[in-house]
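Just below is one structure, and these are the notes that go with it.
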2 protein chains.
Amino acid sequence: MTTINDIAKRANVSRTTVSRALNNSGYVSEEARKRIMKIVEETGYMPNQSAKSLRTKRSGVIGVILPRLSTETSTRVVNGINEVLAKEGFQILLTDTELDKKKEIEYIRLLKSRHVDGIILLATNVNDELIQTIRDVDLPFLAIGQDLPEVTSLVYDDYHASADLTNMLIHKGHHKIAFIGVSRDDPSVGIMREQAFRDVMEREGGVIKDHWMGTGDFSIDSGYEEMKKILRASGKNRPRAVYAVTDRMAIGAMEYLKEQGYRIPEDMAVVGIGASSLSQYVSPSLTTIDYFNKKAGQQAAELLLAKLKNEKVEEKFELTYRLILRDSV
Amino acid sequence: MTTINDIAKRANVSRTTVSRALNNSGYVSEEARKRIMKIVEETGYMPNQSAKSLRTKRSGVIGVILPRLSTETSTRVVNGINEVLAKEGFQILLTDTELDKKKEIEYIRLLKSRHVDGIILLATNVNDELIQTIRDVDLPFLAIGQDLPEVTSLVYDDYHASADLTNMLIHKGHHKIAFIGVSRDDPSVGIMREQAFRDVMEREGGVIKDHWMGTGDFSIDSGYEEMKKILRASGKNRPRAVYAVTDRMAIGAMEYLKEQGYRIPEDMAVVGIGASSLSQYVSPSLTTIDYFNKKAGQQAAELLLAKLKNEKVEEKFELTYRLILRDSV
DNA sequence: CATTGGCATGTAATCGATTACACATTTCAT
DNA sequence: ATGAAATGTGTAATCGATTACATGCCAATG
């Protein structure tokens, strides 16, 4: 492996000059610069990033913490992040918490020790230890998906998105709507979306029944199972629509409905949230809400870059969404 | 930021002893060890990885190079890789070439300069400069998806998978099969799959016509467009089945067929490759081939770990696959 | 009792970069 | 002509860890 010293020797200068030439800092004669660059070309020399990072305290690496590596949402966000960061010469150090809150905290520390320049967290929950850890590591930090106090957060407007979706159902004539949510550990998905649903239903005179309210775990299977439970518990007085807080659960619900011979949307309307690629190609195509995840990733990366340049950035950002009306309603 | 020196001072030992305690190397008295560990706990000290890596030449980071961050195949593979590596305390440094061959090479060098311990490349093409670069960086290296000479490669058995799929179509009574492939830049997908198709068709008396052979670009849209072209060019004597080399293109083709009122599979059978989650939920569900991408990722990671431990590993590995028969045939 | 070897710890070199500071030379304004 | 400013280069310290080598102690061995 060639080092800066090798280059210096071959170019007959000190390594100081090589460093200056490479980083465009200080004065270097045109002559020396050319000589150095030529040798750099020839040898394919690349500065050792560990050494550089040790000295400068910057690594050109951004840590990204995901709840799950294999969901479309995560992938899209990472894609957006990467697009922006790669352009600026940053790399992504990826970690996957597998939805484990302990790991979330552990990884924040780990990334710090790995000298990342900043961290983007796709947050799924909010708790004091997490906030404390983020404060401790004292790095440019960005959260996506949950509103973390005193942390720059990009949040989806879950409340209004959910309210719009519910409203739409009601205005299409559905008053009896089943709901498939998730655990309240996840404030955005588990609480906000449900709250908006309940608020709108109440305001607009919809019918809410306890046994029409299911709780899944984000998976397609859980959507299927919850739908089954709801219909079995309902008997004759069944809901005429079902609102699942994620596309995957909505698609699970659709599967069960189709199996049981219900026609969608005539017998039962179905809606989800997320605009997954699945939602577009299932039959009938699923009405859903697009959260523009990729754009969220891009914006997060841009904000992080601004922070790295010591620009002041606001603390809260609300992301936009779009209702996509399709054939399932 | 606390360093090893801070710990040493507070524990009244030299940093050598702290290092030994932390790495379980050499002798450390039980007493000293306890004192050190206690302070480490209290301060939440984590060794600076840049310094460590500079000295030891190992970073605990594995570079992963993807052709595209946002495909299901990539995601599954990365997921498998991460599962295995995380367990061993490795992190993933992610790069996305956006299908650019230049970047592929650039990133290999970059990862080297970042001191990664090894590289896993999801390869999409094979060329001399690539091989040369891999040889140059001289790192534990693993390729997935293409057979790179003199590089440990995990390859999908594209030829036999494609042959099986074609055979299946023929034995279901389809002799007139359209084919939607991709550019020959990609040996595995662009050449092997087509070659197997042609070989089987010839052997089994299938009908191949030039205007039944399309070339897409992996996207759903391109599947749609190619299907349109093929049917328009065919007139009355149209194919009775279409084999697209990826699920996404198959789904695009299905979209067009459905739009035009063809019944699947009665009027036209459709098959793809990849076992995407889409394939399961489109209507009718798509017959496809599962390449077990996640397992491929796991195996790649395991092999890389073996290499890191200086174990000898073979150069070529053939991955298994599974034909999934669904309703589109 | 002298010697050997295990245990515990410390000193200082080292990894490969950046950078404060010093020094020499050239340029330029007054 | 002269001092100040600009230009070009080098010396050596530094970042935070690991590790070869040295040293001292103590118990066991013959």
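Each chain gets a letter, A, B and so on, in the order the sequences are listed, and its residues count up from 1. Keep in mind that this is a model prediction, so the values were computed, not measured.
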Check against side chain to side chain donor-acceptor pair (under 3.5 Å), B:Y291 and B:D158
CA-CA 9 Å; B:Y291 270 157; B:D158 282 291; 2.8 Å; yes
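An OP1 or OP2 oxygen of C:dT18 is reached within less than 4.0 angstrom by a side-chain nitrogen or oxygen of A:N23. Contact check, B:K57 against C:dG16: a side-chain N or O comes under 4.0 Å of OP1 or OP2.
Counted within 6.0 Å of CD on B:E314, heavy atoms from surrounding residues, nucleotides or ligands total 12 or fewer; the atom is thus considered open.
Checked against D:dA17, D:dT9, C:dG16, the side chain of A:A32 finds its nearest nucleotide in D:dT9. You'll find that the side chain of A:V13 is closest to D:dG10, out of D:dG16, D:dG10, C:dT19. Taking every side-chain heavy atom of A:R55 into account, D:dA13 is the closest of D:dT9, C:dA8, D:dA13.
Mapping A:L54 and B:T17 onto DNA chain C by nearest heavy atom places B:T17 closer to the 5' end of the strand. Sequence order on DNA chain C of the closest nucleotides to B:R15 and A:T56 puts B:R15 first from the 5' end.
If you check every strand for non-hydrogen atoms under 4.0 Å, B:T16 touches a base. A:S19 comes within contact range of at least one nucleobase, with a heavy-atom separation under 4.0 Å. B:S14 comes within contact range of at least one nucleobase, with a heavy-atom separation under 4.0 Å.
Remark: C1' of D:dG10 and CG of A:N12 are 13 Å apart, rounded to the nearest angstrom. Rounding to whole angstrom units, CZ of residue B:R33 and P of C:dA8 are separated by 9 Å. Rounded to an integer number of Å, the gap from A:Y27 OH to C:dA22 C1' is 16 Å. Atom CG of A:N5 and atom P of D:dG10 are 13 Å apart (whole Å). When rounded to the nearest whole Å, the span between CD1 of A:I4 and P of D:dC15 equals 18 Å. Between A:I36 atom CD1 and D:dG8 atom P the separation is 12 Å, expressed in whole Å. The distance from atom CG of B:L22 to atom C1' of D:dT19 is 15 Å, rounded to the nearest whole Å. Note: CZ (A:R114) to P (D:dG16) measures 17 Å, nearest angstrom.
No hydrogens or angles were tested; on distance alone, nothing pairs the side chain of B:R20 with the base of D:dT18 as donor and acceptor under 3.5 Å.
Salt-bridge annotation for B:K112 and B:D138: absent, with no side-chain N of the basic residue lying under 4.0 Å from a carboxylate O of the acidic one. Comment: B:R68 does not engage B:E98 in a salt bridge, judged by the lack of any side-chain N to carboxylate O separation of less than 4.0 angstrom. Ion pairing between a basic and an acidic side chain is recognised when a charged N comes within 4.0 Å of a carboxylate O; B:K38 and B:E42 show such pairing.
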